[in-house]
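Let me begin by presenting the structure, written as structure tokens, before commenting on it.
Quick note on labels: first sequence line is chain A, next is B, and so on, each numbered from 1.
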Amino acid sequence: MPARASLASVSPPTKPAGRGDVALAAPDPRALLRWYDRHRRELPWRAAPGTRQDSYRVFLSEIMLQQTTVVTVRPYYAAFLARWPTVAALAAAKLEEVLSAWAGLGYYARARNLHACARAVADAHGGVFPDTEAGLLALPGIGPYTAAAIASIAHERRAAPVDGNWERVVARLFAVEEALPKARKRLRALAETLLPDARFGDFAQAMMDLGATVCTPRKPACILCPWRGSCVAQAQGNPEAYPVKAAKAARPTRRGVAFLAVRADGAVLVRSRPEKGLLGGMSEVPSTPWLEGEPADPAAHAPLAAPWQALNGTVGHVFSHFALELTVWRARVAAGTPAPAGHRWVKREGFEAEAFPSVMVKVLEYID
DNA sequence: CAAACGTGGGG
DNA sequence: TCCCCAAGTTT
């Protein structure tokens with residue numbers, strides 16, 4: 001257990017208020033582990049106490065949980081595990097299958113990387129995940145956090161998977177004044193001082209549970225915290241002030257027109273988006289470009305000549321860095337209408353196999 | 001390194 | 001309605 005004094009090099013330069021009078025004990029990792037033993041949450045991807053989880057399951061869950069809530073991930077995790085129980089099974093899947101199964105979960109590069117990673121493990125690692133952070137880090141879609149998570153949880157390596165929970169907990173423990181994202185390096189250094197001498201997987205998950213259930217972004221339950229006697233922010237009385245965050249960029253609005261061509265048999269005209277970029281590789285109804293300011297001329301972008309009818313209302317959708325307002329133009333076309341190059345007709349029964357992102361599901365509600 | 005990259009739920 | 005947030009990675 002490093003003494004407080006040894007943290008000087010990574011501590012914030014400004015002396016936090018409230019530290020002067022009462023000496024705070026250094027946070028003891030064993031106290032958190034004891035708390036975890038009493039309050040550990042049951043989660044589908046979590047192994048029974050005292051056992052290690054299969055690395056593929058840790059991998060699958062960690063990729064899905066990136067920037068995504070537990071509640072949202074649950075059904076996707078169950079579906080993926082049932083359909084592709086092993087890394088070999090996932091590696092054998094077609095990318096399109098993986099993308100359609102991922103549809104609705106967001107950040108679709110994750111699905112592409114998940115698949116590429118499974119193939120890399122199957123092809124270049126004999127079907128076995130690397131058991132070191134460095135080895136894991138070299139795989140597609142696995143960054144510093146996920147490498148440390150798999151290494152600690154599945155392989156019991158000494159590693160600090162510093163996620164948003166860890167950052168919040170550490171920022172409060174040490175009252176870090178520097179704002180995110182610049183504070184990331186400092187927070188990581190402080191986090192590593194907290195690591196125990198054993199039970200690295202449990203400690204990693206304990207930090208996440210603590211952040212998710214006690215040291216929450218708003219109204220943290222400090223009274224229930226095993227580290228309440230070691231927390232500078234709690235001593236200051238303003239835990240919610242941490243972590244400090246930089247101002248966010250404004251979110252502009254882009255507009256466009258989506259063309260909903262409905263054939264007599266109910267089939268809809270669909271195409272696939274480019275593999276890179278927004279909604280990469282996902283299925284979509286053709287549309288004008290999505291632009292800020294002056295909308296593009298719809299007629300110039302219609303996929304085929306038809307009696308287009310502008311529908312009332314718009315489809316609104318919020319992406320991570322812009323909001324989208326889509327006007328829907330719909331046309332009923334004859335049964336024999338051919339699909340233009342790069343497009344295809346998809347019937348209702350075929351929707352399941354398509355990789356429609358949520359924004360397109362909204363557009364497709366205008367079929368009838 | 002800042003920006004791109006989704007979505008749904010809660011206050 | 002609006003803003004924030006959630007087990008980050010890639011370029």
Backbone of [Y] reached by a side-chain donor or acceptor of [X] within 3.5 Å:
X	Y	value
A:Arg168	A:Cys215	yes
A:Tyr242	A:Asn238	no
A:Arg188	A:Lys185	no

Proximal nucleotide (of [options]) relative to the [X] side chain:
X	options	result
A:Ser320	C:dT9, B:dC5, C:dA7	B:dC5
A:His321	C:dA6, B:dT7, B:dC5	B:dC5
A:Arg218	B:dG11, B:dT7, C:dG8	B:dG11
A:Pro217	B:dC5, C:dA6, B:dT7	C:dA6
A:Thr69	C:dA6, B:dC5, C:dA7	C:dA6
A:His317	C:dA6, C:dA7, B:dT7	B:dT7

How many whole angstroms separate atom [atom1] of [X] from atom [atom2] of [N]?
X	N	atom1	atom2	result
A:Gln67	C:dT10	CD	C1'	13 Å
A:Leu210	C:dA6	CG	P	13 Å
A:Leu105	C:dT9	CG	P	15 Å
A:Leu278	B:dA4	CG	P	11 Å
A:Met282	B:dT7	CE	P	7 Å
A:Ile63	B:dG6	CD1	P	15 Å
A:Tyr242	C:dC5	OH	C1'	21 Å
A:Tyr108	C:dG8	OH	P	17 Å

[M] and [N], which share atom name [atom1], separated by this distance in whole Å:
N	M	atom1	value
C:dA7	B:dA3	C1'	22 Å
C:dC5	B:dG6	C1'	13 Å
B:dG8	C:dT10	P	24 Å

Need one value for [X]: base, sugar-phosphate or nothing, where a base atom within 4.0 Å counts as base even if backbone is also close, heavy atoms only.
X	result
A:Arg168	sugar-phosphate
A:Ser61	nothing
A:Gly104	sugar-phosphate
A:Ser358	sugar-phosphate
A:Val71	nothing
A:Pro357	sugar-phosphate
A:Pro140	sugar-phosphate
A:Arg41	base
A:Trp102	nothing
A:Gly211	nothing
A:Leu43	base

Closer than 4.0 Å, any side-chain N/O of [X] to the OP1 or OP2 of [N]?
X	N	result
A:Thr146	C:dA7	no
A:Lys245	C:dC5	yes
A:Tyr107	C:dT10	no
A:Gln66	C:dG8	no

Basic-acidic side-chain contact under 4.0 Å: [X], [Y]:
X	Y	value
A:Arg184	A:Glu167	yes
A:Arg172	A:Glu240	no
A:Glu325	A:Arg254	no
A:Glu42	A:Arg46	no
A:Asp368	A:Arg348	yes

- Item | Along DNA chain B (nearest heavy atom to each residue), the more 5'-positioned of A:Lys219 and A:Pro181 | A:Pro181
- Please state whether the base of C:dG8 and the side chain of A:Tyr145 form at least one donor-acceptor pair under 3.5 Å? no
- Message: Between the base of B:dG6 and the side chain of A:Thr68, is there a donor and acceptor pair under 3.5 angstrom?
- Response: yes
- In terms of the nearest nucleotide of DNA chain C, which residue is placed more toward the 5' end: A:Lys276 or A:Lys248? A:Lys248
